[in-house]
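Worksheet for the structure shown next.
Note: hydrogens, waters and symmetry copies are ignored here, and every other heavy atom, side chains too, is used. Only a predicted model underlies this, so the values are computations on that prediction, with no experimental measurement involved.
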Amino acid sequence: MATAAASSLSEPEVEPQAGPEAEGEEDEVKPAGVGRKVLSGAVSAEAAKAQVPGCDLQQEGVSESDGDEEDAMASSAESSAGEDEWEYDDEEEKNQLEIERLEEQLSINGYDYNCHVELIRLLRLEGELNKVRMARQKMSETFPLTEELWLEWLHDEINMATDGLDRERVDELFERAVKDYICPNIWLEYGQYSVGGIGQKGGLEKVRSVFERALSSVGLHMTKGLAIWEAYREFESAIVEAARLEKVHSLFRRQLAIPLYEMEATFAEYEEWSEEPVPESVLQSYQKALGQLEKYKPFEEALLQAEAPRLAEYQAYIDFEMKIGDPARIQLIFERALVENCLVPDLWIRYSQYLDRQLKVKDLVLSVHSRAVRNCPWTVALWSRYLLAMERHGLDHQMISATFENALSAGFIQATDYVEIWQVYLDYLRRRVDFRQDSSKELEELRSMYTRALEYLQQEVEERFSEGGDPSCLIMQSWARVEARLCNNMQKARELWDSIMTRGNAKYANMWLEYYNLERAHGDTQHCRKALHRAVQCTSDYPEHVCEVLLTMERTEGTLEDWDLAIQKTETRLARVNQQRMKAAEKEAALVQQEEEKAEQRKKVRAEKKALKKKKKTRGADKRKADDEEEWGEEEEAEQPSKRPRTENSLASEAAPAVEGETELSGKCVTIDVAPPSKQKEKALSLKRDMPKVAHDSSKDNVTVFVSNLPYSMDEPEEKLRPLFEACGEVVQIRPIFSNRGDFRGYCYVEFKEEKSAQQALELDRKTVEGRPMFVSPCVDKSKNPDFKVFRYSTTLEKHKLFVSGLPFSCTKEELEGICKAHGTVKDLRLVTNRAGKPKGLAYVEYENESQASQAVMKMDGMTIRENVIKVAISNPPQRKVPEKPEGRAAPGALMVPRQMYGAGRGKGRTQLSLLPRALQRQGAAPQAENGPSPGLAVTTAVATEAPKMSNADFAKLLLRK
């Protein structure tokens, strides 16, 4: 059996093709005889042409078909010219404008893949053959082309080929096409096209060479390699008149020794074709291949059942092949995986690492590295490996330098990536230098490149990322080590270290010790002592360690005066450090005591409030009891509207809410039939009895989810939420939480029968319910897990996801998605909202891969949407800070702010307590904390406690009490 691609092996010059055949049908299985007949006819015609001089069947067929097509096109053009002239002109003008726009855009950014594809499509539509060829050439130099793009290009060139030079150009295109990806269809087209030149000198050898290379490349392909084998066999069978029977035998035997689908049919065909019995050695190879096929079938079936890009299935297949260790099959499965996952850098890294360590074939290794950086140019690890591979295999210095320059222009997405690629290139330049000579061209180039690297990071990188990417000055440290150890130039090394320290590194002990070790190894004792003395004065993170190193050196090498001076400086420094730490500890202790006093005061205030509330409640109960004993008179009816607000908030107020609203708005007195208080009380009590209180069972937390942020006004929440959660699985119980007065508190517990249903229910998080985003989270006992936090989204760097800020609040998800789709495939888009469901002007956009995300950053950053200038960056959220407890605050110089500023009182949020903007709190808190609480904090605390019947003087005494 052959694939559909095999049926396309007809000679293009015998039967011209207008373009690529229907794509996407390569997996459909068709009878092998279809491909054989077409191919056999093509080969027979070429063989006849080669044997009978003067017989030019192909040219004759082409000229006739071309003449018919030209006549048809001419008549069609004459009949429709008058009708479509204006429409054609308008369409042509639009296409020309779009072509100019795309060319201008590519001149700015040559890495825009979609622009390349669209430009080729429009130029091909306009019939600009030379421009199409140039556009395709330019794109192929920047990116590997897909199978569809190559086939389209090849068919266009084949149709335009008229002489030997054109055939040579097409052959060169085929050679380039088979190098980008492993494509069985392109190899089939190549074999088909080479058959057309069988009548030329060396044509037969050329055809066999192409087929042999095709077998080496894709002959082991489990599902698509069969087409190559059958095409090759049919070619040899077609020229059997030339006594090539042994060649066909050889092909059958080779194919039967390889595990391929439809092996049984191939074996039956061989038995039928061969006049002699099948040799025993062929039977043994065939049986062995069948056994191997059974081992591979689970992986092939997993690929057939999964959906593209099937990365996990390919990874499992690769692991299996790596255990077996067959280099040819390992290379094949990597190539198959990369066809669908060409934008996965980790897969390229693993493949290139295998080739670097195992095969070590120069052409193969360098080809894979080159393809890797063309597919994923934004990945610095691929460029680094490419440079190392080029050096390892002895490529010319100019080629390595050109590759490095291409890497700098690739558009990395982090500042540290540029530091890494510079380090790799500088290491390469350092290995080229012969340091036995005092000066050389290579040494001067190394020094100039160090200078250029520092300037590049300071100018280009900082301008783009607002940071140099090298805070620890790793490149300057490397330069200093080269000057000191290899060039014996300590003066230059000291200048570099002075520059390092002036860039904010003088407070770190490890930086001083690195400098000291360099001086120790290549300098002198005087400079070592000077460096340590400076370190003692400047270090702020670990001064004890630096002092210990200084004393050790003076004990070993110093004089008595040096020892005395070191003791004096270290003791003075450590005394100052200890004093600062003691002050910080005292401040911390005072803060803890102050917070404890405030907590005690809050507890007293809460107790007083509770007692006062209880007292008022008792009075109200006595008053209601007295009212129940009296008759319902006219005077009480007149006073009823003043009691209505209390009735409306209770469970008993279910009578005529619309009439009450109209009464309040109009201000008129309307007589309403309301049940007596005694009946209202009975109804409220009955409703309260109908709501059973169920104690929470912690043993069922794994099958329970906690649902919050629901509208307080939701009527009958259980009935409204049940259909929503029953879609996830069988719901055992929904427990909405009510207040003592029966009001819904906006959250509930949903218990499922199975744990997988609860896990599926978590996907309903942020679903809009009655205009508010519903929060769904796991049910966890906070008393046992106080640090448990639920955050649905990743808080780490995601190179394929963008963070968009500055959006207008009226911007919809559909509108933003339409803008983002112009730069790639949008997998997900999320508008950030507050708890009430209102937009915050922020969004996260997830693209299919890192390349599209980086393109979107360059295109969308600074874009104006409805007079709002948006900012777009790669998603890299800052670390979520966990609030520190008072007992854990021991850092010297820490910000002394009362805990209540951060909403620690009774779990209330910060927005409910603080009346000052956070920016003002951060700016003003530090200096005021040294001399006591600030007036702003006093006001905040006063508002938070709200103690009844307390004057300002009383509150001031309470706050300042020690």
Side-chain angles (χ1 to χ4, degrees), residues 143-144 146-147 178-183 216-218 220-224 295-296 298-300 302-303 306-393 395 403 406-407 410 412-414 416-417 420-421 423-424 796-800 847-854:
F143 296 104
T146 63
E147 181 179 342
V178 296
K179 292 179 180 178
D180 276 356
Y181 298 110
I182 176 172
C183 299
S216 300
S217 178
V218 296
L220 296 178
H221 199 297
M222 194 76 68
T223 57
K224 299 180 181 180
K295 296 179 181 179
Y296 290 116
F299 298 98
E300 293 291 342
L303 289 174
E307 296 181 358
R310 301 178 281 201
L311 179 60
E313 289 76 14
Y314 276 119
Q315 293 281 18
Y317 206 162
I318 290 171
D319 293 338
F320 175 74
E321 292 286 11
M322 295 285 276
K323 290 179 181 178
I324 296 177
D326 186 350
R329 298 199 66 88
I330 292 173
Q331 182 183 352
L332 175 68
I333 191 58
F334 268 117
E335 293 288 352
R336 289 177 61 185
L338 288 169
V339 171
E340 298 182 15
N341 300 275
C342 59
L343 300 179
V344 180
D346 291 340
L347 191 59
W348 283 108
I349 290 174
R350 187 178 181 187
Y351 186 24
S352 60
Q353 181 175 305
Y354 168 76
L355 297 177
D356 286 335
R357 297 179 179 178
Q358 302 295 330
L359 296 187
K360 301 179 181 179
V361 179
K362 177 180 177 180
D363 293 338
L364 177 60
V365 169
L366 295 179
S367 172
V368 170
H369 279 291
S370 175
R371 291 161 53 204
V373 297
R374 290 172 65 199
N375 279 277
C376 305
W378 63 89
T379 307
V380 67
L382 294 175
W383 287 103
S384 301
R385 291 173 178 273
Y386 190 16
L387 291 174
L388 291 173
M390 296 176 76
E391 180 186 3
R392 192 177 296 118
H393 291 282
L395 263 69
T403 303
N406 292 335
F412 300 133
I413 57 180
Q414 292 187 99
T416 53
D417 292 345
E420 181 178 345
I421 196 66
Q423 284 183 309
V424 172
T796 58
L797 174 66
E798 296 178 278
K799 298 181 180 180
H800 65 290
Y847 279 94
E848 193 173 41
N849 51 63
E850 301 174 16
S851 175
Q852 296 178 357
S854 60

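- The CG atom of Asp326 sits 12.0 Å away from the CD1 atom of Ile333 when rounded to the nearest 0.5 Å.
- Glu313 is not listed as a side-chain neighbour of Tyr317, based on a closest heavy-atom distance of 4.5 Å or more.
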One pair to check against side-chain contact (heavy atoms from CB on, under 4.5 Å): Phe334 and Val368. What are the steps and the verdict? CA-CA 11 Å; Phe334 268 117; Val368 170; over 6 Å; no

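- Glu300 has no carboxylate O lying under 4.0 Å from a charged side-chain N of Lys295, or vice versa, which leaves the two without a salt bridge.
- Judged purely by atom type and a 3.5 angstrom limit, Ser352 uses its side chain to pair as donor or acceptor with the backbone of Trp348.
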Begin with the C-alpha distance, continue with both residues' side-chain angles, and end with the deciding distance and a verdict on side-chain contact (heavy atoms from CB on, under 4.5 Å) for Lys224 and Val218. CA-CA 8 Å; Lys224 299 180 181 180; Val218 296; over 6 Å; no

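- Side-chain contact between Glu335 and Tyr351: present, with at least one pair of heavy atoms (C-beta onward) separated by less than 4.5 Å.
- Nearest heavy atom pair, residue Leu382 against residue Ala372, reads CD1-O, 3.7 Å.
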Run the side-chain contact (heavy atoms from CB on, under 4.5 Å) test on Asp180 and Glu147 for me, step by step, so that the C-alpha distance in whole Å, both residues' side-chain angles and the decisive distance to 0.1 Å come before the verdict. CA-CA 9 Å; Asp180 276 356; Glu147 181 179 342; over 6 Å; no

Determine, step by step, whether Cys376 and Glu850 satisfy the side-chain contact (heavy atoms from CB on, under 4.5 Å) criterion, reporting the C-alpha distance in whole Å, the side-chain angles of both residues, the deciding distance to 0.1 Å, and the verdict. CA-CA 8 Å; Cys376 305; Glu850 301 174 16; over 6 Å; no

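- Inter-residue side-chain proximity for Leu387 and Ile421 is flagged as met; some heavy-atom pair is nearer than 4.5 Å.
- A distance of 9.5 Å separates CG of Leu364 from NE2 of His369, quoted to the nearest 0.5 Å.
- Rounding to the nearest 0.5 angstrom, the gap separating the OH atom in Tyr314 from the CZ atom in Phe299 is 13.5 Å.
- Considering all non-hydrogen atoms of both residues, Pro377 and Trp383 come closest at O-NE1, 2.8 Å.
- The shortest non-hydrogen separation linking Ala328 to Leu220 is CB-CD1, 3.8 Å.
- Between Arg385 and Val373, every side-chain heavy-atom pair lies at or beyond the 4.5 Å cut-off.
- Asp319 has a carboxylate O that lies under 4.0 Å from a charged side-chain N of Arg350, or vice versa, which qualifies the two as a salt bridge.
- Here the side chains of Leu359 and Val365 are not in contact, with every heavy-atom distance at 4.5 Å or above.
- For the pair Arg371 and Lys179, the tightest heavy-atom approach, listed with the atom from each and the gap, is CD-O, 3.2 Å.
- For the residue pair Arg336/His221, the side-chain donor-acceptor check at 3.5 Å is satisfied.
- Here Tyr296 and Phe320 bring their ring centres to under 6.0 angstrom of each other.
- Judged purely by atom type and a 3.5 angstrom limit, Asn849 uses its side chain to pair as donor or acceptor with the backbone of Gln852.
- Rounding to the nearest 0.5 Å places OH of Tyr354 at 9.5 Å from CD of Glu321.
- Taking SG from Cys342 and CZ from Arg374, the interatomic distance works out to 11.5 Å, rounded to the nearest 0.5 Å.
- In this structure, Leu395 and Leu366 have side chains that are in contact, with non-hydrogen atoms separated by less than 4.5 Å.
- Looking at heavy atoms from C-beta onward, Leu347 lies in side-chain contact with Ile318 at the 4.5 angstrom threshold.
- In this structure a side-chain-to-backbone donor-acceptor pair under 3.5 Å is missing from Trp378 to Ala410.
- What you find for Glu340 and Pro309 is that their closest heavy atoms are OE1-O, 3.2 Å.
- Note that CG of Asn341 and CD of Gln315 are 8.0 Å apart. Values are rounded to the nearest 0.5 Å.
- Looking at heavy atoms from C-beta onward, Lys360 lies out of side-chain contact with Leu355 at the 4.5 angstrom threshold.
- Closest approach of Thr379 and Phe412 over heavy atoms only: C-CE2, 4.1 Å.
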